[in-house]
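Single-structure report; data block below.
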Amino acid sequence: MNTKDRYAERIMDAYVLLMLCFFPLFTLRGYRDILKDRFKAFCILTGGAAVFLLLVFLYRFFFEGDFLYRRRAAKRGAKKEEKKPSPGPHGLRERISAFFPACRLFFEDLEKALRETGIVKKPLSTDLPMLLLIVVYLVSMLRSGYLYETFWGIWGAQEGKSGGGRCMGFLTWFMIFLAYFMLSRIYRAKLWHILLGLFTGILVCLWGITDFFKMNLFHFFDGVAPVYWETFASSVGNINSYTSLTAVYMALFTVLHLREEKTWLRLFYFAGMLISYIACFMGKSDNVALSFAVLFALLPLYAWRWKGSFLRYWESILVFLSCMWMLGFLTKSETIPHIGNIYENGILLRIALDSKMLPIAIFLLLFLIGLMYYLFLRQGIRKTGGSMGEKEYLACFKQALPGGRLLVRIWGILLLLSILSFMILLYIANSGRPLGVLEPYRNVLVLSDTWGTGRGMNWKFGMQYFIKKMDLLQKLIGMGPESYYAVTMDNFFRQMVEAEYGVFDAAHNEYLNYLVTIGILGLLFYLIFCVRSLRILFGELGKKLEDRSFPSDWCAAVGFSFLVYLVQASVNIAVPIVLPLVLVILFTGLSAARGLREAP
């Protein structure tokens, strides 16, 4: 590594470690101001990293670069040949010709300093949509008429009220913009950084598990209303945000576990997977069902290519079903004290409580995994002539799965048919027809004003305002960052009061929220950025699919975890407690993908 890059890289190393290990746990006064605390922490960490990086650049440019020396040398040479300028155009040409060489020297050394710092690199396909997205945020903020509120993402603060808003205004997104360009260019993904970040994720999950048992280890619930015991957890706060973050950790551990060969790392990933599964269940949010469904539905397209990852995929399913059955059994037997209404603990635990076939499914899956393991080993022993050492054992499970490509294609077809069937089911459920055996899940399938604890009504308000009350320019660039609170308070206050759902200061659907606040252009650029990010991650992974190095595995893990987050975002809120961390993880994945691309 070039020593001239070392200072910038160390700044990025420190930034990533602080974001992965310090940021998820940081708060000053418990849940009281956790949104603002995490917002301030993200801005300070990102802004500080940008300032230090700027200082490194200025040092490279003025003190280690050649610009000052070359400029002084050019001046000395000009003085030696100095003549009295003749009047008229000839003197003007001399002055212009003396000025432009200095400009040329300036830009040459500027480019050199930028390259040595690592800021200038071959652009990624995500650069342009991210740049256009922040431009839309800026224009939308300037045209909103609420400059202070849309900049900070906080409403009512100037009047001393608690107000609304989730601190996701222009400033937060500008910091995300800075983090993207710093990490995607300068940072180099390192295994020990990721392991420390994942260990912090385990701590977040364990903290949430203790809150399920009402242990209150860190006294965050002291002096708060009893309702918060059921709706807040861990160092995150609201259970929907908590579930969103634990689902990201769950996906990371699951994917990293699939192909890991080192025993201690495999055990670490398995332990993290087990703990994160339990934490997801104990988050008591129905949103987690979406995360598990997306992960287990899409993972075969990646895992069913090799014998080892094929077995570990089914191991993950076994762990999932076992955790669900165990928690359902403990809940039903009332061995867990003070958990409230057992049927209000999330849809997965409700399924575990109602299903009598779950233990049989676990037993059959365990038998099939054992059978497949035996058959793969037997096949490997035959190929090695009856002897199998450690190398032969590992090589046996590295081999391609017989018929793996065909299985992947069949699974893809079944996946498309399942999506189509689910859409038909939703249509039938919302047409008023009887649901039969699915009648207990009517509240999940039938979309109404009460769906998702008022999400149906909230989405209806957002779409009505977008379609009927926003002019063409507003539809293009939105009403202003984090302005959903003003939209609902000014137009739907009476309906919100009558419905008793409180104030809707966000759409509980990130995409609808972006549509109203930053318009069609903002939502479009954000979606393009997301799609191109996934394309980079899976594209570089596809080129080096047989490469079992950390960067390729990390690209796969980040890609699937980001997909999990994007699906949950359809029923959730973007908050500075979760989104900056998820995007920093994404940016480390893009950095790893760049490393794969630049590797020989």
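Only this structure's heavy atoms are used, side chains among them; waters, hydrogens and symmetry mates stay out.
- Inter-residue side-chain proximity for S591 and S184 is flagged as unmet; no heavy-atom pair is nearer than 4.5 Å.
- By the 4.5 Å heavy-atom criterion applied to side chains, I176 and F42 are counted as neighbours.
- Side chain of N430 to main chain of L447: a donor-acceptor pair is present (N/O by atom type, distance under 3.5 Å, no hydrogens or angles).
- A donor and an acceptor atom, one from each side chain of D211 and N216, are nowhere located under 3.5 Å apart.
- Two residues are said to be in side-chain contact when any heavy atoms from C-beta on lie closer than 4.5 Å; Y485 and V503 meet this criterion.
- Remark: side-chain polar atoms of K190 are paired, donor with acceptor, to backbone N or O of R188 under 3.5 angstrom.
- How far CG of D33 is from NZ of K40: 7.0 Å, rounded to the nearest 0.5 Å.
- The shortest side-chain heavy-atom distance between I585 and W554 falls under the 4.5 Å cut-off.
- We find the CG-CG distance between L563 and L298 to be 6.0 Å, quoted to the nearest 0.5 Å.
- A donor-acceptor pair shorter than 3.5 Å can be found between the side chains of T254 and Y277.
- Between Y484 and Y514, the gap from one ring centroid to the other reaches at least 6.0 Å.
- With rounding to the nearest 0.5 Å, the separation of CG in L368 from CG in L311 is 11.0 Å.
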Requested in this report: In sequence, state the C-alpha distance, the side-chain angles, and the governing distance for L365 and I369, and then conclude on side-chain contact (heavy atoms from CB on, under 4.5 Å).
Outcome: CA-CA 6 Å; L365 187 56; I369 290 173; 4.1 Å; yes
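- Between P481 and W173 the shortest side-chain heavy-atom distance does not fall below 4.5 Å.
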Report task. Verify side chain to side chain donor-acceptor pair (under 3.5 Å) between Y565 and S244, making sure each step is shown before the conclusion. Result -> CA-CA 7 Å; Y565 177 83; S244 180; 5.1 Å; no
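- Between F221 and F232, the ring center distance fails the sub-6.0 Å criterion.
- With a 4.5 Å cut-off on side-chain heavy atoms, F39 and I577 do not count as touching.
- Ring centroid separation for the pair W229 and F220 does not come in under the 6.0 Å cut-off.
- Across all their heavy atoms, A507 and W459 have their closest contact at O-NE1, 2.9 Å.
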**Report entry** Verdict with supporting geometry, L407 and L401, side-chain contact (heavy atoms from CB on, under 4.5 Å)
**Finding:** CA-CA 9 Å; L407 279 176; L401 180 70; 3.8 Å; yes
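- Between atom CZ of residue R455 and atom CG of residue N509 there is a gap of 9.5 Å, rounded to the nearest 0.5 Å.
- To the nearest 0.5 Å, atom OG of residue S322 and atom CG of residue L358 are 8.0 Å apart.
- A donor-acceptor contact shorter than 3.5 Å is absent between the side chain of T488 and the backbone of D505.
- Checking each of W304, Y373, Y302 against F310 for a ring pair (Phe, Tyr, Trp, His ring centres under 6.0 Å) leaves exactly one that passes, namely W304.
- The two residues S561 and L252 have their closest heavy-atom pair at OG-CD2, 3.5 Å.
- Atom CZ of F422 sits in a sparse spot, with 12 or fewer heavy atoms from other residues, nucleotides or ligands closer than 6.0 Å.
- Expressed to the nearest 0.5 Å, how far OH of Y526 lies from CG of L133 amounts to 9.0 Å.
- A 4.5 Å side-chain heavy-atom check between L203 and W207 finds every atom pair outside the cut-off.
- For the pair T46 (side chain) and A179 (backbone), a donor-acceptor distance under 3.5 Å is absent.
- When all heavy atoms of K36 and C167 are compared, the pair lying nearest together is CG-SG, 4.1 Å.
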Report task. Could you check F562 against L583 for side-chain contact (heavy atoms from CB on, under 4.5 Å), going step by step and ending with a plain yes or no? Result -> CA-CA 8 Å; F562 191 52; L583 290 180; 4.0 Å; yes
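- Of all heavy-atom pairs spanning P24 and Y249, the tightest one is CG-OH, 4.0 Å.
- Proximity of a side-chain donor or acceptor of T246 to a complementary backbone N or O of C205 within less than 3.5 Å is not detected.
- For S309 (side chain) and A303 (main-chain N/O), a donor-acceptor pair under 3.5 Å exists by modelled atom type.
- A donor-acceptor pair under 3.5 Å links the side-chain atoms of T200 to the main chain of L196, judged by distance alone.
- Using modelled atom types and a 3.5 Å distance limit, the side chains of Y242 and S235 yield no donor-acceptor pair.
- Atom CZ of F296 sits in a crowded spot, with more than 12 heavy atoms from other residues, nucleotides or ligands closer than 6.0 Å.
- No donor-acceptor pair closer than 3.5 Å links the side chain of R266 to the backbone N or O of H257.
- Contact between F212 and M282 at its shortest, heavy atoms only, is CD1-O, 3.4 Å.
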Report task. Give the intermediate values and the outcome of salt bridge (charged side-chain N to carboxylate O under 4.0 Å, His left out) for residues K460 and D449. Result -> CA-CA 8 Å; K460 183 176 71 175; D449 284 355; 3.1 Å; yes
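- Distance alone, capped at 3.5 Å, places no donor-acceptor pair between the D553 side chain and the L256 backbone.
- Side-chain rings of Y187 and F587 stay apart, their centers remaining 6.0 Å or farther from each other.
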Query raised in the report: Should E230 and K284 be marked as a salt bridge (charged side-chain N to carboxylate O under 4.0 Å, His left out) after you check the CA-CA gap, both sets of side-chain angles, and the distance that decides it?
Result: CA-CA 8 Å; E230 303 298 329; K284 299 182 288 187; 2.9 Å; yes
Requested in this report: Show the numbers, then the answer: is there a side-chain contact (heavy atoms from CB on, under 4.5 Å) between E510 and S570?
Outcome: CA-CA 6 Å; E510 287 189 26; S570 63; over 6 Å; no
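- With hydrogens and angles disregarded, no donor-acceptor distance shorter than 3.5 Å links the side chain of R166 to the backbone of V575.
- The shortest non-hydrogen separation linking P359 to W325 is CG-NE1, 3.3 Å.
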Query - Full working for ring pair (Phe, Tyr, Trp, His ring centres under 6.0 Å) between Y15 and F22 - result: CA-CA 10 Å; Y15 174 69; F22 167 76; over 10 Å; no
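- Between L265 and L195 the shortest side-chain heavy-atom distance falls below 4.5 Å.
- Applying the side chain to side chain donor-acceptor pair (under 3.5 Å) test between S285 and each of N238, N572, N240, T231 identifies N240 as the sole match.
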